[in-house]
Structure formats: C-alpha cells, structure tokens
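Order of listing sets the numbers, starting from 1, for every ligand and every atom in it. The structure displayed is predicted, hence computed values, not measured ones.
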Amino acid sequence: MGSRPCRELLVAGLEKLEYRGYDSAGVSVVADGHIDSVRAVGNLSNLRAAVEATSNGGAVAVAERTATTGVAHTRWATHGRVTEENAHPHNDCSDRIHIVLNGIVENHADLRRTLEAEGHHFSSETDAEIVAHLIERHYRGDLTEAVRASFSELRGHYAFVALHADQPDLLVGARKECPLIAGIGDGETFLASAIPAFLAQTRQVMQIENGEIVTIDADGIRITDAEGTVVRREVEKVTWDEDAAEKGGYPTFMMKEIHEQPDAVAETIADRLPTDDDVDLSDVDLDDEYLRDVGRIVIVACGTSYHAGLVGRYAIEEWARVPVEMDIASEYRYRRPVIGEGDLVVGITQSGETADTLAAMRLARENGAKVLAITNVMGSQATRDADAVLFTRAGLEIGVAATKTFVAQVAAMYLLGLRLAELRQTLSPERLSELVVDLKGIPSKIEETIESVDARVRAIARSHYDQRFFLYLGRHIGLPVCLEGALKLKEISYIPTDAYAAGEMKHGPIAMLDTSTPVVCVATDSPVLEKVLSNIEEVRARGADTIAIATAGSGRVAEVADQTIEVPRSDWILQPILAIVPLQLLAYYIARLNEFNVDQPRNLAKTVTVE
Ligand code: F6R
C-alpha cells in the first residue's frame, strides 16, 4: 500500500518467494472503488501473461494506471484442486473484499455451512474463501474491526491480508502462527509472509506476532491484539546483503532449509489431519477399500528418501499390521522381484525424477502392482508414472543435502501408516487420536529442537570436526535415523562414516573401535531402549567416545553416554523426525568448521537422472 503503481511490485515480490513452491498465483489491485483480479494456474510467467491479456482488455487498464494498493499470492493446493477458481485472491459475494491466506482454516467446513445457510455463495473449494465471506458478514464500514471479528471465529494456523474496495488506502492483516511481517518504506508499507518479498523496496521491518491484527494505511502501521488493544513494536533494520537475502538471512541454503523443517511438516500434514481423530488422504487417488484390503506394501527409493521409507516401514507395520518390504530402487529393479496384483508399491522421491526409483516403479506397474508416488515436485515424472500421488509440501530445496524434504517424507509416511490403521481398524480410536494429536504437535517440536540443541551440537562439532571416522549406532526406528545422520556427515564433510544396527556390533564392527572413535547412538524412547543402552556400555568399554541422542527427561541415557543431546518427548514412534535434527546440525557444523561448501558438495547433484 502506497503511492506507486503496485501490480508489478506485487508480482516481483511473489518471484522472490518462488523457492517455496506453488502451483498457481494471483493478484488483486484496487482503484476507483473497483477491484481488478487476475489469477492463473502454473508459474508466474502464466500470471504475467494473464495480467497482460486483461490489461489489453480495456477495463483493467484504468485501474492499472492508478492502483496503489493490492494483494498477491502463490498457492500450493491443500483444500481443493489446482484450478484458477481455487487460486487466491478470494473474494466475498459482492466482490468488494479480496483476501490472500497462507496456512489452514481448520473449522472451514462448519463455517462454510453456516455462511451458506445465511445465503453466501462460494466460488472455490478452498478453506481460504471462508475468510472473505466472514469479513463480509462482519463489515460495518471498518475493515480492521471486521477482520478482528472474523479472526475470533477462525481455528487453525494461518496468516491473511484483506482488501476492501470501499477503503482503497488500507490493508488489514492477521496472524495465527503462520508468519506475517511488515516492511516500512518511504510513503508505502508492505505486508508479506517473508522479508525477501519486499527487501528490494525497504529494509525497515516490523514483526507481527501471533494473535495480532495489523492495519497499514496512509498514517503508517497500527498493530493491535485480538481484543483491540494497541501494541507497540520497534522497527528493526535488516542488514542482509543480496546473497544473504536469498538465503533468508541464513549463511547457507542448508541452514535455511533446516529452519524450514517445521513448516515443511506442518504443510504436509495440515489439511490431512482435519480433526484430532481422523486422517484424510482424499487428495491421494487410492480408494479406501483398496487401501483397507492391500496385501503387501513394497517401498522403493534411493538415498535419503530410502531412509524416510525405512521409518515408514516401522510405522506401517506397527500401526496397520500390513507387511512392508523395503528396497533400494537401484537394487530392486534388477533382481526380478516377485510383485503383482494386490501389492502396493510406494516410490519415494523428492525430485520425482530419480532414474532408478522411476524404473523400479515402472517395473512394478508393468507387473500389475498399483504404484503410489511420494514426491515434492508437482508435474515431475513420478507423478505421471504413478497411479496415485501423495505430495510432500516442503517447498523448493536448493541445498544438495536433503533436510526439509526428508522430514516431510517421514511425515507423509506417518500419514499413510495412520490412514491404513484407521481403515483396517488396527488401532483403537483412543490410540489413533493420541498419535494424530502428537503428529500435529511435531512442527513446533522440531522448532524447539533446532533452538534447544544448537549450542550443544556446535560444541560437540568443535571437539570432533577433525576426526577421521564416525560410527552411528541404533536399533529399530533409531536405525534409519543413524543411516540418514551418517549420510549427511559423509556427503557434506567427506568424513567416512558407518551406520550399523547396534545388535550387529558384536558380529564384526566392534573391532574398528578405539579411543578416538566418536560413536553417535540414537537412544530415543522405544521398546528397545534397554538394548541400546547396553550397546552404549559395550562401546564405552572399548574407550570410544559416545554421543547419544535421547528423549528429554530420560536420565538413564545421560548416565551411560559421554555426551547426550536431548530432543523433546513425543510418541516413541514419531521420535525419528525429531532425532534427525541434531544429526543434520552435527554434520552441518562439522562441514562448516572444515570450511566446506555445504550447499554444493563435491561430486553430487541434486537430482540423479542417470542410472
Ligand atoms: C542426500 C540426498 C540423496 C537423495 C537421493 C534421492 O542428501 O539428497 O541421497 O535423497 O538422490 O533423490 P530423490 O528423493 O529426489 O529421488
């Protein structure tokens, strides 16, 4: 909002946020008491083309010359398909109010029903559109007050910004958990979900906190809490250079992406856990009867995705009691696997382009199995080759070492496991609900983990960064965490690592240990914790230096290990998604102390399309 024509500024701002991933986009601007809106499926060049086409159409050209207030959005489909109608901005019945929203409105179905009964007409399948109609219902000439009244009726996690044709020099935003930040320019003010969106225009920012409503107009910026009490907030100056801005202020993409993990998981589970006792995978094209009766699941993947599959195997077998086989795609495809009708093959691939995974999926399909792809990239080959797709919603990952896509894949596997258990009734309703609630809490626990372990992990990295070898030990769900932690260290630090099932130690590997070997033990809560504890004792008896990852409050681990890093408590089977965080950070700090380029390690490409 300001005095310059804003449409181009808005689209340029969206470009800066493209890395988050999206499938459609839109922009609305207000001028002469009229809102012009353009939306398009696909990337921003499609939106630009649509803007161009409408501008040439006549009516919009007038607004285009004068509009200095507007909102724009890139959408990643959650509620409703990828269509122009479902793209934001969304409007109310009178087309006088437009909104853009990030996040999820959990009580959208109830609100929609009430609003429809009152005569409101909806034009999209989204949860977001509710907000435009709610504001319409509460609007009495004051947009801020209408937003405040609407805000109090919404449940979920979201941030939104609203625009009203009758108040063209004003924007009102509200924040519940999802980020919202203001930028204060010279005679103009910005609201965005992340600083890079407006950094080219201003470096003066103001944080909007959880539960706050913000109004920007010609007088500047006014923040109030949900009750309307004015809140004072200092202006901060962003000192990032352009390179740092691209990395959101972090020194590397990998660190930025580690910090994006809470969001990656939150987005992936969002609308799929609509209540505390239900898992909704209706966006995945596999019917309930098929899933309920599936005889066997085979998971194929490579690298980090393979490790996510391993966690999934434990969860699915534990909860849904379906037999699960797991194989490395490059092995599976060459071993004449016994596969056919009645089998569900799950191909996990963040890029959706890994040649071996695609080949394994194709082989399974040719033999009559159904294939589900779990991928992060819309339109990727995996989505075209599979019968059904479960998208992770981690956003674009630039660092070569997979971090946020891994936790999103693990979250997707948990969703699949819970849905299977729900359909097969292999968990009591109480246990299912316990797990759903716990899974919903994982994003904030990842955030807590990143904060709480950082100093300790740094210190451990400093004392071990010049070691020649690291061993990782774990059992059960701890084992894939070890495999993934060891992979992270070797790929970005070039330090040899081995990851072993702890029970195998005595069958050979124990011979490698000496007093200089750091041994990372994943010892989070699990039915095999006792056994892991004896393995730690066994290793310490050889003088090796044990670093344990433990569940908070589990004092016994700290008694046996040399150093302990604690992660927050959650259901034991969900612990891998937290336990991996300190191991990612350990690999990261060791690589940085050795002055390696963590974003682009040698010999590695982000997408492996050759066989
Ligand atoms: C490691 C890493 C790789 C990938 C593997 C599979 O950090 O990123 O091991 O996991 O190349 O890639 P996708 O998941 O794209 O099939």
Side-chain angles (χ1 to χ4, degrees), residues 21 252-258 260-261 264 268 299-312 326-333 345-362 364 371-386 389-413 472 480-495 497 499 576 580-581 583-588 590-591 596-611:
T252 60
F253 282 109
M254 183 173 170
M255 192 48 119
K256 171 170 176 273
E257 286 155 5
I258 287 175
E260 283 167 357
Q261 295 188 115
T268 300
I299 305 173
V300 289
C302 299
T304 290
S305 299
Y306 171 76
H307 302 149
L310 283 174
V311 179
M326 173 85 230
D327 211 341
I328 293 167
S330 56
E331 287 296 313
Y332 183 81
R333 59 179 293 202
V345 170
V346 181
I348 310 178
T349 164
Q350 110 31 59
S351 62
E353 305 290 350
T354 297
D356 284 316
T357 309
L358 293 175
M361 288 162 61
R362 249 177 254 139
V371 173
L372 167 68
I374 296 187
T375 182
N376 199 42
V377 180
M378 293 200 177
S380 58
Q381 193 57 44
T383 65
R384 295 195 284 271
D385 289 354
V389 184
L390 170 51
F391 283 107
T392 50
R393 302 184 190 125
L396 180 67
E397 191 173 62
I398 293 170
V400 166
T403 52
K404 62 174 179 171
T405 54
F406 172 72
V407 291
Q409 288 168 339
V410 174
M413 293 309 290
Y472 288 68
V481 179
C482 288
L483 289 163
E484 177 58 10
L487 174 62
K488 288 293 90 105
L489 187 63
K490 61 169 81 96
E491 73 179 321
I492 60 173
S493 295
Y494 319 124
I495 297 175
T497 63
I580 192 58
V581 174
L583 299 191
Q584 294 166 336
L585 289 169
L586 183 66
Y588 179 86
I590 289 178
F596 293 131
N597 178 349
V598 295
D599 289 335
Q600 183 52 72
R602 66 187 183 213
N603 305 334
L604 285 175
K606 183 74 190 159
T607 306
V608 184
T609 50
V610 288
E611 299 176 9

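The protein heavy-atom contact nearest to atom 15 (O) of ligand 1 is Ser351 OG, 2.6 Å. The single protein non-hydrogen atom nearest to atom 14 (O) of ligand 1 is Ser305 OG, 2.5 Å, given as residue, atom name and distance. Remark: minimum distance from atom 5 (C) of ligand 1 to any protein heavy atom is reached at Cys302 O, 3.7 Å. Ranking protein heavy atoms by distance to atom 11 (O) of ligand 1, first place goes to Val608 CG2, 4.0 Å. Here the heavy atom of the protein found nearest to atom 12 (O) of ligand 1 is Thr354 OG1, 3.4 Å. What sits closest to atom 7 (O) of ligand 1 on the protein, heavy atoms only, is Glu491 OE2, 2.5 Å. Protein heavy atom in closest approach to atom 2 (C) of ligand 1: Thr304 OG1, 3.7 Å.
Ligand 1 places these atoms under 4.0 Å from at least one heavy atom of Lys488: 1 (C), 7 (O). The contact set between ligand 1 and Ala401, taken as ligand atoms under 4.0 Å from a residue heavy atom, comprises 7 (O). Listed by number with element, the atoms of ligand 1 under 4.0 Å from a non-hydrogen atom of Ala402 are 7 (O), 8 (O).
Taking distance alone, with nitrogen or oxygen atoms compared against 3.5 Å, Thr357 stays at or beyond that limit from ligand 1.
Every heavy atom of Thr405 sits 4.0 Å or more from the atoms of ligand 1.
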